[in-house]
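Written out below as structure tokens is the structure these notes cover.
This is a predicted model, so every value here is computed, not measured. Heavy atoms only: backbone and side chains are in, while hydrogens, waters and symmetry mates are out. Throughout, protein chains are lettered first and strands after them, A, B, ... in sequence-line order, and every chain is numbered starting at 1.
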There are 4 protein chains.
Amino acid sequence: MAGSVNKVILIGNLGADPEIRRTQDGRPIANLRIATSETWRDKATGERREKTEWHRVVIFNEGLCRVAEQYLKKGAKVYIEGSLQTRKWQDQQGQDRYSTEVVLQGFNSVLTMLDGRGEGGGGGGGGYDQGGGDDFGASGPGPSRERRPAPAASSRRDDLDDDIPF
Amino acid sequence: MAGSVNKVILIGNLGADPEIRRTQDGRPIANLRIATSETWRDKATGERREKTEWHRVVIFNEGLCRVAEQYLKKGAKVYIEGSLQTRKWQDQQGQDRYSTEVVLQGFNSVLTMLDGRGEGGGGGGGGYDQGGGDDFGASGPGPSRERRPAPAASSRRDDLDDDIPF
Amino acid sequence: MAGSVNKVILIGNLGADPEIRRTQDGRPIANLRIATSETWRDKATGERREKTEWHRVVIFNEGLCRVAEQYLKKGAKVYIEGSLQTRKWQDQQGQDRYSTEVVLQGFNSVLTMLDGRGEGGGGGGGGYDQGGGDDFGASGPGPSRERRPAPAASSRRDDLDDDIPF
Amino acid sequence: MAGSVNKVILIGNLGADPEIRRTQDGRPIANLRIATSETWRDKATGERREKTEWHRVVIFNEGLCRVAEQYLKKGAKVYIEGSLQTRKWQDQQGQDRYSTEVVLQGFNSVLTMLDGRGEGGGGGGGGYDQGGGDDFGASGPGPSRERRPAPAASSRRDDLDDDIPF
DNA sequence: TTTT
DNA sequence: TTTT
């Protein structure tokens, strides 16, 4: 269908360390559990309430799997951009079941760590296992020709500047 | 949890007319089925492939329910902004089941029709039942104090209106 | 800065045909003018008002430039995903000026046509020059290893399905 | 124009404390300067490069102004959701100038603090002046009829609350 | 002017 | 079940 968009944006915390598995041909797949929550004040009682929503996030993108494996830990806060997919499976009684996941796959995916890196180190709290602190595009931390800004921002459109922008 | 975001953005087509139900206290709830799809060319065979994803959308917002009821029909193309929610229910065997939906509720929701209105009239294609063609914020088509431009809108922008944009 | 996001999402109409230029080394750059507008009812007078906002969109991505050149025309409705950039330049008096643009560059960009294709043909209305109707990711219409869904959706995670999803 | 979307999503850090002004009729307006940046590795030299982008954010929403005033400080990391607006003004020579801003106004705006609150206390670093740590919808921290979960929330989700998420 |  |  022309003109279709399927996008999910989450900011939340990992409920557990990432689970990394591999396909038969060796490609990694990372599974995350991410909690988002909203708080509001009950209009009747006036008390503060909170509702937490849990999301299944599946990462097929190899670079982002590597990021998840190396840097993410239970408790880490992340920014996620992916798409919604519902997958069909059979339970042990052979009945159809459906599971909806936020899938990070291909160019249209983002995984960014929002925690300061210093959190780690001592103790059991959330955070990262190590350094980290970068944000990674779809292709992971590697070099990416496309990821760079326009070649030399100032000069990048000099050839076009006969045009007065505003 | 502080600093949480849970947002879904869809552009797709309705697979069926909206279903409108009412709560016991009379508030409307609209259910939509929306299809998004992506197409790509198979690298091996070179042929064009397509994968369609179906989304359950539930509208609790009264104004947007009204919009859905009045203007949306099977086939209509819409822009949707809502949040992800997974709901638990019991099947007839008493087993726990889960259903994930895109929920439009509260201020943080958008439903916008993307079809030109002229589509209607002749033929069986998709589109709207009537006029339509506006985009509606969370509070629906009614007047909305918040929807207006900036408080000092006039002083900020009136002078722009005689400006030729490009 | 770790954990940074800079994203703009627009749905609007082209105010003019795209302008395509080329850098000295031959890469295309497309410039679009896109209008978005919001309508509201004036709370004082009760009359319906509308405010149009004009956006400068610059496409550095080659594939998306090709799409813009081939398929977009004045009046076409598009979905745009890019990032905000402010660029400095000197006016004829040598004074610093700034221009803010929505930039489509790299993997994190989307340009999707939202018009049905049939619009074209007769007359001067908006629409596309030709067929079109597809949506294009950052890499344009060409084959893209990443763009495909998971290999054979149904089987794609069979090796993982010892896990009961919910 | 029907079917229009104008949305900006930023995650970045405040370059300075918020500036709060008031309109003649006493409504607050907050101005923020927010930096986003992206990093990449130069393919030629192999060295790590960074490019920072500065954004002007203007908050007309009263509740969010209050949040900005009370909780945000230079260095704080925030999630912002607003819309793009270009405003015309005259410089001292009477020449037309344009300034593009990210505007938070009305229901379609979000300002969420992403820093852990503990940052504060000792030292000069960024962070908040006080507690904070909540995320605020368009209407700010006050009670909001719309912000609550679905009308029939209890029947939809109360049974979830004794559920162990994973 | 921020942040890493 | 939609759409192209």
Side-chain angles (χ1 to χ4, degrees), chain A residues 1-6 71 86 112-119 128 130-136 141, chain B residues 10-19 31-40 48-57 72-78 80 114-115 119 124-127, chain C residues 1-6 71 86 112-119 128 130-136 141, chain D residues 10-19 31-40 48-57 72-78 80 114-115 119 124-127:
Chain A
M1 180 183 353
S4 212
V5 170
N6 175 358
Y71 300 115
T86 297
T112 299
M113 299 183 284
L114 296 176
D115 289 301
R117 70 180 73 188
E119 192 93 47
Y128 310 129
Q130 9 172 331
D134 286 280
D135 61 298
F136 305 101
Chain B
L10 301 177
I11 295 178
N13 295 276
L14 270 70
D17 290 347
E19 292 179 13
N31 286 268
L32 312 180
R33 291 292 272 157
I34 293 183
T36 58
S37 75
E38 59 172 331
T39 58
W40 72 102
R48 198 168 166 275
R49 299 196 52 192
E50 180 177 43
K51 178 167 170 292
T52 295
E53 192 69 36
W54 287 97
H55 309 271
R56 299 182 173 276
V57 175
L72 297 183
K73 259 180 66 180
K74 174 175 173 174
K77 173 162 288 190
V78 292
I80 286 278
L114 295 176
D115 288 301
E119 192 93 48
Chain C
M1 181 183 350
S4 212
V5 170
N6 175 359
Y71 300 116
T86 298
T112 299
M113 300 183 284
L114 296 175
D115 289 301
R117 70 180 74 185
E119 193 93 47
Y128 311 128
Q130 8 172 333
D134 287 280
D135 60 297
F136 304 101
Chain D
L10 300 177
I11 296 178
N13 296 275
L14 272 70
D17 290 348
E19 292 179 15
N31 286 269
L32 311 180
R33 290 292 274 157
I34 294 183
T36 58
S37 75
E38 58 173 331
T39 58
W40 73 101
R48 198 168 167 275
R49 299 195 51 191
E50 179 178 44
K51 177 168 171 291
T52 296
E53 191 69 36
W54 286 97
H55 308 271
R56 299 183 173 276
V57 175
L72 296 184
K73 258 179 66 179
K74 174 176 172 174
K77 173 164 286 189
V78 292
I80 287 277
L114 295 176
D115 288 301
E119 192 93 47

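The closest donor-acceptor contact from the side chain of B:E53 to the backbone of A:T86 lies under 3.5 Å.
Among E:dT1, F:dT3, E:dT4, the nucleotide with an atom closest to any side-chain atom of B:E50 is F:dT3. Nearest nucleotide to the B:N13 side chain, out of E:dT3, F:dT1, F:dT2: F:dT2.
Atom CD in B:E53 sits about 14 Å away from atom C1' in F:dT1, given to the nearest Å. In this structure, B:D17 places its CG atom 11 Å from P of F:dT3, rounding to the nearest Å. Protein atom NZ of B:K77 is 6 Å distant from nucleotide atom C1' of F:dT3, rounded to whole Å. The interatomic distance linking B:H55 (NE2) with F:dT2 (P) rounds to 15 Å, in whole Å. With rounding to whole Å, B:I34 atom CD1 is found 12 Å from F:dT1 atom C1'. Between the CZ atom of B:R33 and the C1' atom of F:dT3 there is a distance of 15 Å, given to the nearest Å. Rounded to a whole Å, the CG atom of D:L72 is 20 Å from the P atom of E:dT1. The interatomic distance linking B:E38 (CD) with F:dT2 (P) rounds to 20 Å, in whole Å.
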What's the verdict on side chain to side chain contact (heavy atoms under 4.5 Å, CB included) for B:R56 and B:R33, showing C-alpha distance, side-chain angles and the deciding distance? CA-CA 5 Å; B:R56 299 182 173 276; B:R33 291 292 272 157; 3.1 Å; yes
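Judged by distance alone, with hydrogens and angles left aside, C:S4 brings no side-chain donor or acceptor close enough to the base of E:dT3 to form a pair under 3.5 Å.
Listed by chain and residue number, D:K73, D:K74 satisfy the side-chain contact (heavy atoms from CB on, under 4.5 Å) test with D:D17 (two or more places apart in sequence, or in another chain).
We find that D:R48 and D:E50 are not joined by a salt bridge, their nearest charged nitrogen and carboxylate oxygen being 4.0 Å or further apart.
Using a 5.5 Å limit on the distance between ring centres and a 30° limit on the angle between planes, the aromatic ring of D:W54 counts as stacked on the six-membered base ring of E:dT1.
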